[in-house]
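In what follows, a single structure is set out as structure tokens and then discussed.
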Amino acid sequence: MNRPEQDLQKMVMQHLRQRGARGLVFWHTPNGVRGNRRKDHVQGAIAKGMGARAGVSDLVLLHQGRFFALELKVPGRTPTEEQLKFLEEVNAAGGFGAWCQGLDRALGILESWGVLRGKAVAA
């Protein structure tokens, strides 16, 4: 199965693991319960009741008291309304939220936030 956004996220995660700034905490929140079985709907309802929400960014990071959220898209794709709302809320709360298309742009944003050591992308 072709999953280009998953491949993009795996590449970004590799950079974070290898080049992440000292003290950086990062994670992905797996929100996607997909399927048509009753079990899938029950699990989704349980997760929602426990605080899961639509639109949480692909990557959430914490560094030196600053909160970051990055939504990753492959070229040609754009965020959903829920994803944009989450990013707006992060920015309104004093965090740093952004979305991008492609690996180079993702790495550029992470480098500009100071959460990656070195430069992988030419300025």
What closest approach, in Å, do [X] and [Y] show between heavy atoms, and which atom pair accounts for it?
{"X": "Arg117", "Y": "Gln18", "result": "NH2-O, 3.1 Å"}
{"X": "Gly118", "Y": "Arg19", "result": "O-NH2, 3.1 Å"}
{"X": "Thr78", "Y": "Lys73", "result": "O-CE, 3.6 Å"}
{"X": "Glu71", "Y": "Val56", "result": "OE1-O, 3.9 Å"}
{"X": "Pro79", "Y": "Gln83", "result": "CA-OE1, 3.2 Å"}
{"X": "Ser57", "Y": "Ala69", "result": "OG-CB, 3.5 Å"}

Pairs of donor and acceptor atoms involving the side chains of residues 86-101, under 3.5 Å and at least two apart or interchain, shall be tabulated with distances.
{"from": "Glu89", "atom 1": "OE1", "to": "Arg53", "atom 2": "NH1", "distance (Å)": "2.9"}
{"from": "Glu89", "atom 1": "OE1", "to": "Arg53", "atom 2": "NH2", "distance (Å)": "3.0"}
{"from": "Glu89", "atom 1": "OE2", "to": "Lys85", "atom 2": "NZ", "distance (Å)": "2.6"}
{"from": "Asn91", "atom 1": "OD1", "to": "Gly97", "atom 2": "N", "distance (Å)": "2.8"}
{"from": "Asn91", "atom 1": "ND2", "to": "Leu87", "atom 2": "O", "distance (Å)": "3.1"}
{"from": "Asn91", "atom 1": "ND2", "to": "Gly97", "atom 2": "O", "distance (Å)": "3.1"}
{"from": "Gln101", "atom 1": "NE2", "to": "Arg77", "atom 2": "O", "distance (Å)": "2.8"}

Give a yes or no on whether [X] and [Y] share a hydrophobic cluster (residues Ile, Leu, Val, Met, Phe, Trp, Tyr; joining criterion: side-chain heavy atoms under 4.5 Å apart).
{"X": "Trp27", "Y": "Val12", "value": "no"}
{"X": "Met11", "Y": "Leu110", "value": "yes"}
{"X": "Trp113", "Y": "Leu62", "value": "no"}
{"X": "Leu116", "Y": "Leu103", "value": "yes"}

Can you confirm whether [X] sits close enough to [Y] that some side-chain heavy atom of one is under 4.5 Å from a side-chain heavy atom of the other?
{"X": "Arg105", "Y": "Ile109", "value": "yes"}
{"X": "Leu61", "Y": "Val25", "value": "no"}
{"X": "Phe26", "Y": "Leu59", "value": "no"}
{"X": "Leu70", "Y": "Val60", "value": "no"}

**Item:** Nearest-0.5 Å distance, CG of residue Leu72 to CD of residue Gln6
**Value:**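 The CG atom of Leu72 sits 12.0 Å away from the CD atom of Gln6.
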**Prompt:** Can you tell which of Lys10, Arg17, His15 makes a side chain to side chain contact (heavy atoms under 4.5 Å, CB included) with Met13?
**Reply:** Arg17
